[in-house]
Amino acid sequence: MGDFNRSVVLDSIRRSRTGLSRVELGHSTGLSAQTVSNICRKLIVQHLVVEAGKASGGAGKPRTILRLNPNAVYAIGVHLDPTVMTFAILDLTGTVLVRSRRRTPVAGDPNRIITAISGEIERLILASGVDRQKIAGLGVATPGPIDPERGAVVDPPHLNGWHRVPLRDALARTTGFSVIVDKDVTAAAIAETWAGGPSGSGSFVFFYLGTGIGAGLVIDNEVVRGRSHNAGEIGHVIADPGGPLCVCGLRGCIAVTITPQSLVLEAEELGVLAGTRVQNGPHAVEEQFSALCALAARRNAVAAEILDRSAVRVARAASVITNLLDVDRVVFGGPYWARLSEVYLGRIPALLDELTVARSIHRVEVVGTGVGEDVGAIGAACLVLDDALAPRAARLLLAH
């Protein structure tokens with residue numbers, strides 16, 4: 001209970017942009033004044049929290065404001081996408097100190113990728129000037145499925161050759177850090193709760209647009225991972241009943257109608273893009289997808305129509321999730337989001353509103369991520385901070 005209360009106080013301070021006094025912490029957490037005072041005293045001794053000036057609350061003496069100490073703890077995040085690897089080092093407040101991007105080596109060689117990740121981490125630590133002893137750990141966001149007990153990546157669709165690769169233990173050996181491995185969609189959702197601002201509060205679906213498509217789930221400010229930490233696999237939700245046949249036997253699944261690869265294939269079949277480079281792997285798909293978006297931006301009618309159709313499909317797919325979970329908003333992000341944001345934000349809100357069953361009670365907000373393009377890497381670092389500091393109901397369960 002003490003650890004849970006400590007996490008609740010830290011979380012309240014973190015979520016306040018201007019800091020909170022002990023009295024305000026009592027109001028926001030429901031804890032007694034004595035409990036709040038004891039916790040804050042320990043947090044100050046541990047250098048996790050600092051006193052940051054006084055604030056007048058009307059009658060009575062000014063109250064001391066408490067804020068997180070950004071220099072107390074740091075975390076490293078790595079996002080492994082089949083096309084690009086992104087890296088970030090965050091301080092305790094979730095602020096990015098340094099970041100970098102590298103093209104992913106040949107995906108079929110896990111050892112080569114692990115070596116590249118380890119080397120870039122060392123380079124980034126040197127560039128940041130951060131004291132290595134203050135780095136709490138390394139978070140890695142990868143495509144799913146994952147085996148959380150073993151920290152392994154298990155046959156993700158776009159990482160050929162990754163059959164039960166023990167990524168957590170391999171990186172722990174090469175970097176010397178404690179490592180957490182989680183799905184990229186989960187990491188993105190956690191990033192939104194830590195650094196997204198208003199879009200990261202309450203209940204929301206993070207609709208992740210990467211080489212694959214997935215959904216990160218947050219209900220009442222708590223991330224939902226599922227029984228095996230593989231929640232959010234939405235590739236076989238039907239987005240277009242008249243769409244192409246999927247390997248699962250259904251027609252029009254997200255996996256064959258909304259992914260960058262499926263949109264590029266559609267563009268090639270309609271003659272908007274030349275060749276069949278879509279078959280040549282994720283790097284070729286990214287190049288072709290960028291070309292498709294550029295054509296649409298230059299008002300190529302067929303290219304624009306392809307992206308518009310994808311927006312309609314996304315709205316249908318998102319409505320299945322939002323109607324099921326009854327959330328506040330849908331947050332879009334991921335490596336491909338920037339190229340789709342103008343089209344999607346122009347079309348999806350109205351389409352989703354029409355498909356929302358409870359719209360007479362509340363509307364589902366549609367927004368882009370408040371974290372930015374590197375949401376995967378930032379989320380990976382936030383995995384470390386969240387694991388150490390965030391309150392979770394499971395921590396109240398007593399062992400038998």
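All figures in this text were calculated on a predicted structure; none of them were measured in a lab. What's counted below: heavy atoms across the whole structure, side chains too, no hydrogens, waters or symmetry copies.
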To the nearest 0.5 angstrom, please state how far the CD1 atom of Ile238 sits from the SG atom of Cys248. 7.5 Å
Between Thr259 and Ser262, do the side chains contain a donor N or O and an acceptor N or O under 3.5 Å apart? yes
Would the distance check show the side chain of Ser21 and the main-chain N or O of Glu24 forming a donor-acceptor pair, the cut-off being under 3.5 Å? yes
Any donor-acceptor N/O pair, Ser7 side chain to Asp3 backbone, under 3.5 Å: yes
Search all heavy atoms of Thr257 against all heavy atoms of Arg313 and return the closest pair with its distance. O-NH1, 3.1 Å
Assess whether atom CZ of Arg164 is packed by more than 12 heavy atoms of other residues, nucleotides or ligands within 6.0 Å. no
Could you check whether any side-chain N or O of Thr104 sits under 3.5 Å from a backbone N or O of Val84, counting only pairs where one atom can act as donor and the other as acceptor? yes
Does the Asp182 side chain pair with the main chain of Thr186, one donor and one acceptor, at a distance under 3.5 Å? no
Rounded to the nearest 0.5 Å, what's the gap from CD1 on Ile190 to CG on Leu383? Could you check? 4.5 Å
Test log, rule side-chain contact (heavy atoms from CB on, under 4.5 Å), inputs Val205 and Leu325: CA-CA 9 Å; Val205 174; Leu325 298 176; 4.3 Å; yes
I'd like to know whether CD of Glu342 has more than 12 heavy-atom contacts from other residues, nucleotides or ligands below 6.0 angstrom. no
State plainly whether one hydrophobic cluster holds both Leu270 and Leu295, where clusters connect Ile, Leu, Val, Met, Phe, Trp and Tyr through side-chain heavy atoms under 4.5 angstrom apart. yes
Counting C-beta onward and ignoring hydrogens, is there a side-chain heavy-atom pair between Asp353 and Arg363 closer than 4.5 Å? yes
State plainly whether one hydrophobic cluster holds both Val327 and Leu351, where clusters connect Ile, Leu, Val, Met, Phe, Trp and Tyr through side-chain heavy atoms under 4.5 angstrom apart. no
Salt bridge (Lys or Arg N to Asp or Glu O under 4.0 Å): pairs with one or both residues in residues 364-380, sequence neighbours excluded: Arg99-Asp374, Arg101-Glu373, Arg101-Asp374, Arg329-Glu365
Considering all heavy atoms of both residues, which atom of Val181 and which atom of Ile146 are nearest to each other, and what is their separation? O-CD1, 4.0 Å
Transitive ILVMFWY side-chain link Ile121 to Leu97, under 4.5 Å: yes
ILVMFWY network linking Leu355 to Val314, side-chain heavy atoms under 4.5 angstrom: no
Can you tell whether the side chains of Arg67 and Glu51 come within less than 4.0 Å, N to carboxylate O? no
Under a 4.0 Å threshold between the charged nitrogen and the carboxylate oxygen, would Asp169 count as salt-bridged to Arg173? no
May I ask you to decide if Pro145's main-chain N or O and Lys183's side chain share a donor-acceptor pair within less than 3.5 Å? no
Applying side-chain contact (heavy atoms from CB on, under 4.5 Å), run through Val384 and Leu138 and close with a yes or a no. CA-CA 7 Å; Val384 175; Leu138 164 65; 5.6 Å; no
Quick one: closest heavy-atom pair of Gly210 and Pro335, and the distance? CA-CD, 3.8 Å
Would you confirm whether Arg359, through its side chain, and Glu354, through its main-chain N or O, come within 3.5 Å as a donor-acceptor pair? yes
With side-chain hydrogen bond (donor to acceptor under 3.5 Å, both in side chains) as the test, would you mind laying out the steps for Thr322 and Ser319 before giving the verdict? CA-CA 5 Å; Thr322 57; Ser319 73; 5.6 Å; no
Look at the aromatic rings of Phe289 and Tyr336 and report parallel, tilted or perpendicular, splitting at 30° and 60°. perpendicular
Keeping Thr64 on the side-chain end and Lys54 on the backbone end, is there a donor-acceptor pair under 3.5 Å? no
Pair Val154, Trp162 - check side-chain contact (heavy atoms from CB on, under 4.5 Å), show working. CA-CA 6 Å; Val154 185; Trp162 282 67; over 6 Å; no
Give a yes or no on whether the backbone of Val364 and the side-chain of Asp328 come within a donor-acceptor separation of less than 3.5 Å. no
Below 4.5 Å, heavy atoms only, C-beta onward: do Leu68 and Val49 meet side chain to side chain? yes
Over all heavy atoms of both residues, which pair between Ile254 and Ala239 is shortest? Give the atoms and the distance, please. CG1-CB, 4.2 Å
In Å, rounded to the nearest 0.5 Å, how long is the span from CD1 of Ile321 to CZ of Arg316? 15.0 Å
Test side-chain contact (heavy atoms from CB on, under 4.5 Å) applied to Leu48 and Leu92, step by step: CA-CA 8 Å; Leu48 293 172; Leu92 184 57; 4.1 Å; yes
Looking at Ile117, Ile76, Val98, which hits side chain to side chain contact (heavy atoms under 4.5 Å, CB included) with Phe87? Ile117
Taken to the nearest 0.5 Å, the spacing of Ile213 CD1 from Cys253 SG works out to 13.0 Å
Linked, directly or transitively: Val73 and Leu43 (ILVMFWY side chains, under 4.5 Å): yes
On a heavy-atom basis, which atom in Ala187 and which in Gly376 lie closest, and how many Å separate them? CB-O, 4.2 Å
Do Gln261 and Gln288 get their side chains close enough for a donor-acceptor pair, meaning under 3.5 Å? no
Look at Asp131 together with Lys134 and state whether they make a salt bridge at an N to O cut-off of under 4.0 Å. no
Set out, in order, the CA-CA distance, both residues' side-chain angles and the distance that settles side-chain hydrogen bond (donor to acceptor under 3.5 Å, both in side chains) for Arg339 and Ser290, then state yes or no. CA-CA 7 Å; Arg339 283 163 277 189; Ser290 295; 2.7 Å; yes
Taking Arg168 for the side chain and Val179 for the main chain, is one N or O donor matched with an acceptor at less than 3.5 Å? no
If you take all heavy atoms of Ala231 and Val185, which pair is closest and at what distance? O-CG2, 4.2 Å
Does Thr29 reach the main-chain N or O of Leu31 with its side chain, forming a donor-acceptor pair under 3.5 Å? yes
Over 12 foreign heavy atoms within 6.0 Å of CZ, Arg150: no
Full working for side-chain hydrogen bond (donor to acceptor under 3.5 Å, both in side chains) between Ser310 and Tyr344: CA-CA 9 Å; Ser310 75; Tyr344 280 15; 2.8 Å; yes
So Asp184 and His79, do their side chains get closer than 4.5 Å, heavy atoms only? yes
For the NE2 atom on His47, are there more than 12 heavy atoms of other groups (residues, nucleotides or ligands in this structure) within a distance under 6.0 Å? no
Evaluate the side-chain hydrogen bond (donor to acceptor under 3.5 Å, both in side chains) criterion for residues Thr211 and Asp81: first the C-alpha distance (whole Å), next the side-chain angles of each, then the deciding distance (0.1 Å), finally the verdict. CA-CA 7 Å; Thr211 303; Asp81 181 85; 3.0 Å; yes
